[in-house]
Amino acid sequence: MRSSSNQIIKNQSLEILTTYQKNPSPQIRNRLVDMNIGLVRREAQRWLHNSGETFDDLMQVGSIGVIRASERCDLQKGYAFSS
C-alpha cells in the first residue's frame, strides 16, 4: 500500500512539473515547493547543527533550491525530481 501511494505522489509531482515547464506560473511553482517541503525540512534539520545558520534560513535556502531545481529539471533524462 505504501508503495502505491508513493507512486501516486511521484506521478502527481511529474505531472505538475511537466505543466510548470510548459507554462510557468507562481501557483504551480508554489505547489511543487509544497509537495517537496518535507525533503527541504529533512535536509534543513540535517544541516542545522553543522552550520551556523538558523532553521528558518536553511528552510528558505532549501525552498529556493526546489524552485531552481524545478526550472532546471530535464524530464528527458528519466530521473525523479526528488533526486
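Numbering of residues begins at 1 and proceeds along the displayed sequence. The structure displayed is predicted, hence computed values, not measured ones. Only this structure's heavy atoms are used, side chains among them; waters, hydrogens and symmetry mates stay out.
- For Ser70 against Leu32, the heavy-atom pair with the smallest separation is CB-CD1, 3.8 Å.
- Closest non-hydrogen pair, Met59 versus Ala44, comes out as SD-CB, 3.9 Å.
- Other residues, nucleotides and ligands contribute at most 12 non-hydrogen atoms within 6.0 Å of the CZ atom of Arg31.
- With sequence neighbours left out, Thr19 forms a side chain to side chain contact (heavy atoms under 4.5 Å, CB included) with Ile28.
- In this structure, CG in Asp34 is found 9.5 Å from CD1 in Ile16, a value given to the nearest 0.5 Å.
- Note on Arg68 versus Glu71: no salt bridge recorded, every NZ/NE/NH1/NH2 to OD/OE distance being 4.0 Å or above.
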Is there a side chain to side chain contact (heavy atoms under 4.5 Å, CB included) between Asn30 and Gln27 once you walk through the steps? CA-CA 5 Å; Asn30 291 343; Gln27 294 83 11; 5.9 Å; no
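- Pairing each heavy atom of Ile37 with each of Ser63, the nearest pair is CD1-OG, 3.8 Å.
- Leu14 and Met35 fall within the same hydrophobic cluster, defined by Ile, Leu, Val, Met, Phe, Trp and Tyr side-chain heavy atoms under 4.5 Å apart, directly or through other members.
- Every residue two or more places apart in sequence or in another chain that forms a side chain to side chain contact (heavy atoms under 4.5 Å, CB included) with Asp57 is listed here: Glu53, Thr54, Gln60.
- With contacts defined as side-chain heavy-atom distances shorter than 4.5 Å, the pair Cys73/Gln21 qualifies.
- Separation of atoms CG (Asn36) and CG (Leu17) is listed at 9.0 Å; rounding is to 0.5 Å.
- Here the OG1 atom belonging to Thr18 is positioned 12.5 Å from the CG atom belonging to Asn23, to the nearest 0.5 angstrom.
- Atoms NE2 and CZ, on His49 and Phe55 in that order, are 10.0 Å from each other to the nearest 0.5 Å.
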